[in-house]
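Inspection log for the structure reproduced underneath, given as structure tokens.
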Amino acid sequence: MHRRDFLKYSAALGALSAFPLINRAAFAAARPVLPIPTLIEPDAEGRIRLAAQAGKTAFAGKPVTTWGYNGALLGPALRLQQGKNVTVDIHNALPEATTVHWHGLEIPGEVDGGPHGVIAPGAKRRVSFTPQQRAATCWFHPHEHGKTGAQVAKGLAGLLMIEDNELRALMLPQKWGVDDVPLIIQDKRFGADGEIDYRLDVMSAAVGWFGDTLLCNGARYPQHTAPRGWLRLRLLNGCNARSLTLAASDNRPLYVIGSDGGLLGEPVKLTELPMLMGERFEVLVQISDNKPFDIIALPVTQIGMNVAPFDKPQPVVRIQPVNVFSTGTLPDALAAMPVVPATDGVFERRLELTMDPMLDMLGMQALEKKYGKQATAGMDHGAMGHGQRPMPAMDHSQMHHGAQGASGMHHGAMGHGSLAAGDGKTAFDIMNANKINGKAFDMNTPAFNVARGRYERWVISGEGDMMLHPFHIHGTQFRILSENGKPPAPHRSGWKDTVSVDGARSEVLVRFDHTASPQQAYMAHCHLLEHEDTGMMLGFTVS
């Protein structure tokens, strides 16, 4: 950036500094104001303090118990600089153990925060690392094995952003909470008592826990007032199990400028943006026309996710331009994107994602019993399970349980071990019912070792299965070679840490530049959190 342009841009940003005073008051009566996470940077000693804690958040006028980092719900946004060390002091003030996983960061396994990095109730943990990767929007969340879904559902999630010189040279919108806006999108379900109704049972173990209320930064259909010009949205699908397809209500274009691992080579123009659970995308939207519009979630075909009200478009956030002008731009070129290396002779590793046929059948029966046939639209009901997998022989008592007990039993007793069949003698273990290469997650036994700095081609298969699996790999940002048998879409051809595996095979080229020991292994898993919690995860080492 030339000095003259820098001075001009800095002056414009200074003029925008008073803008929050406008946007917080001008339209407050219209609808809830979009909450903006507090932006935190390391202090003079390079430290950040995080506390996982319980609190109360108002939903529908009722105080609801929620969990958050440094607050009652969600967490702050952390901004780090490439090449600068940071030390994070984490205090677990929750009534149960947790971990803090740095999702998307390329850091050693000992500080990655997977299920081995347990912080007991009342305990503290200090982690130090130096981010060397490119600028990116990542996030942090718990990874306590068997309880990740529950802890995220209660509210534990926050953004983490890395900046570098390449990003700073671009004149992208960068006024936090004004024209550079985070949108953490999640769905929730509330019980009759108003509390978050999280259940890990046969239905959620099969298709995931999903809600009937869509939240953006913890608020229902809030509004954000923004200056006219280019608006930068940092999007996170923070749902436990729901994929999203985002669009503007007036069909205006979304220009994708970045994915999980950072900026793309050039903007990609879309009108609909599919997002897997755990994925991040950065988009720019032109709002110079001064016309209000919504970011909406369109219906998706994912099993279980098209029941009311999600059988129709759902508003996420209202964007209300005001007569103040932003100076951020949409560059024609964004970042240098290296060519994908040739894969001839690269070691190939195969991972097969499967579900126990019993869970498959019981989960589908429970889903249909609760929501009707619409919930399993598109499935081969003649096969009862996903795809054409044969179902196990069942005795009369098991069939009785599958038809009646799967959704009618006492859910509070489930999710911490086995699920008893209808005769009371047979038990079905949902906590080990989802598998990779025929095995459920084993905390004590890493599945394999990867040589540090060596490329590998991972072939991840969901063939014979009709479930969507967003597959996430710790400790790396990879390139997608093929996704469900097809070349990756242009906006998915950059750096990624999550790939879609949807009834087919996907291939990624991975390399790990840090080590991970058996005691602090990296994870590879489905990021549908209830699949992860019930076994569809493996640990691996890097040396």
Side-chain angles (χ1 to χ4, degrees), residues 37-52 69-71 75-93 98-119 123-143 156-170 172 174 176 180 182 234 236 258 260-263 280 282 335-336 450 452-453 472-478 495 497 510-517 519-523 541-543:
T38 301
L39 185 62
I40 292 181
E41 296 182 287
D43 63 18
E45 297 179 340
R47 295 184 181 277
I48 289 176
R49 291 169 176 79
L50 278 184
Y69 298 106
N70 294 4
L78 312 183
R79 185 159 65 190
L80 310 181
Q81 303 299 320
Q82 182 189 58
K84 291 189 177 181
N85 183 262
V86 61
T87 297
V88 186
D89 291 309
I90 308 165
H91 175 215
N92 179 15
T98 191
T99 82
V100 177
H101 166 52
W102 309 102
H103 184 130
L105 291 196
E106 298 178 72
I107 53 178
E110 64 183 2
V111 292
D112 177 69
H116 296 89
V118 176
I119 311 170
K124 297 180 179 181
R125 187 181 189 217
R126 173 174 293 175
V127 295
S128 295
F129 52 84
T130 303
Q132 299 290 358
Q133 67 204 81
R134 309 169 63 200
T137 298
C138 303
W139 65 305
F140 56 98
H141 62 79
H143 216 300
L156 289 177
L159 288 180
L160 184 150
M161 299 166 294
I162 302 170
E163 290 192 345
D164 64 9
N165 290 333
E166 191 172 36
L167 175 68
R168 283 188 285 269
L170 299 172
L172 296 170
Q174 57 181 275
W176 181 252
D180 181 359
R234 298 179 189 255
L236 164 63
D260 295 339
L263 294 172
R280 290 87 60 212
E282 292 189 42
V450 178
R452 181 182 179 185
H472 171 55
I473 305 172
H474 290 207
T476 186
Q477 289 290 338
F478 53 71
W495 296 105
D497 56 51
V510 301
R511 188 182 74 185
F512 302 90
D513 294 328
H514 299 278
T515 59
S517 69
Q519 294 74 35
Q520 296 287 346
Y522 285 140
M523 298 293 118
T541 58
V542 177
S543 62

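- Not counting sequence neighbours, the partners of His101 by the ring pair (Phe, Tyr, Trp, His ring centres under 6.0 Å) test are His103, His141, His143, His472, His474.
- For Trp495, the ring pair (Phe, Tyr, Trp, His ring centres under 6.0 Å) test picks out no residue, with sequence neighbours left out.
- Remark: Asp164 engages no residue in a salt bridge (charged side-chain N to carboxylate O under 4.0 Å, His left out) (not counting sequence neighbours).
- Judged as a salt bridge (charged side-chain N to carboxylate O under 4.0 Å, His left out), and not counting sequence neighbours, the contacts of Asp89 are Arg47, Arg126.
- Scanning for salt bridge (charged side-chain N to carboxylate O under 4.0 Å, His left out) contacts around Asp112 gives an empty result, with sequence neighbours left out.
- In this structure, Phe512 and Ile473 have side chains that are in contact, with non-hydrogen atoms separated by less than 4.5 Å.
- Partners of Trp102 according to the side-chain hydrogen bond (donor to acceptor under 3.5 Å, both in side chains) rule, which considers only residues two or more places apart in sequence or in another chain, do not exist here.
- Inter-residue side-chain proximity for Asp43 and Arg49 is flagged as met; some heavy-atom pair is nearer than 4.5 Å.
- Scored by the side chain to side chain contact (heavy atoms under 4.5 Å, CB included) test, Thr515 finds Arg452 as partners (sequence neighbours excluded).
- Not counting sequence neighbours, the partners of Arg79 by the side-chain hydrogen bond (donor to acceptor under 3.5 Å, both in side chains) test are Glu41.
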| task | Quick one: do Thr137 and Arg234 satisfy side chain to side chain donor-acceptor pair (under 3.5 Å)? Show the steps, please. | result | CA-CA 7 Å; Thr137 298; Arg234 298 179 189 255; 2.8 Å; yes

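- Residues meeting the salt bridge (charged side-chain N to carboxylate O under 4.0 Å, His left out) test with Glu106, sequence neighbours left out: none.
- Residues forming a side-chain hydrogen bond (donor to acceptor under 3.5 Å, both in side chains) with Ser128 (at least two apart in sequence, or on another chain): Thr87.
- Asn70 meets the side chain to side chain contact (heavy atoms under 4.5 Å, CB included) test with Ile40, Leu50, Ala51, Pro76; sequence neighbours excluded.
- Contacts of Thr98 classified as side-chain hydrogen bond (donor to acceptor under 3.5 Å, both in side chains), with partners at least two apart in sequence or in another chain: Gln151.
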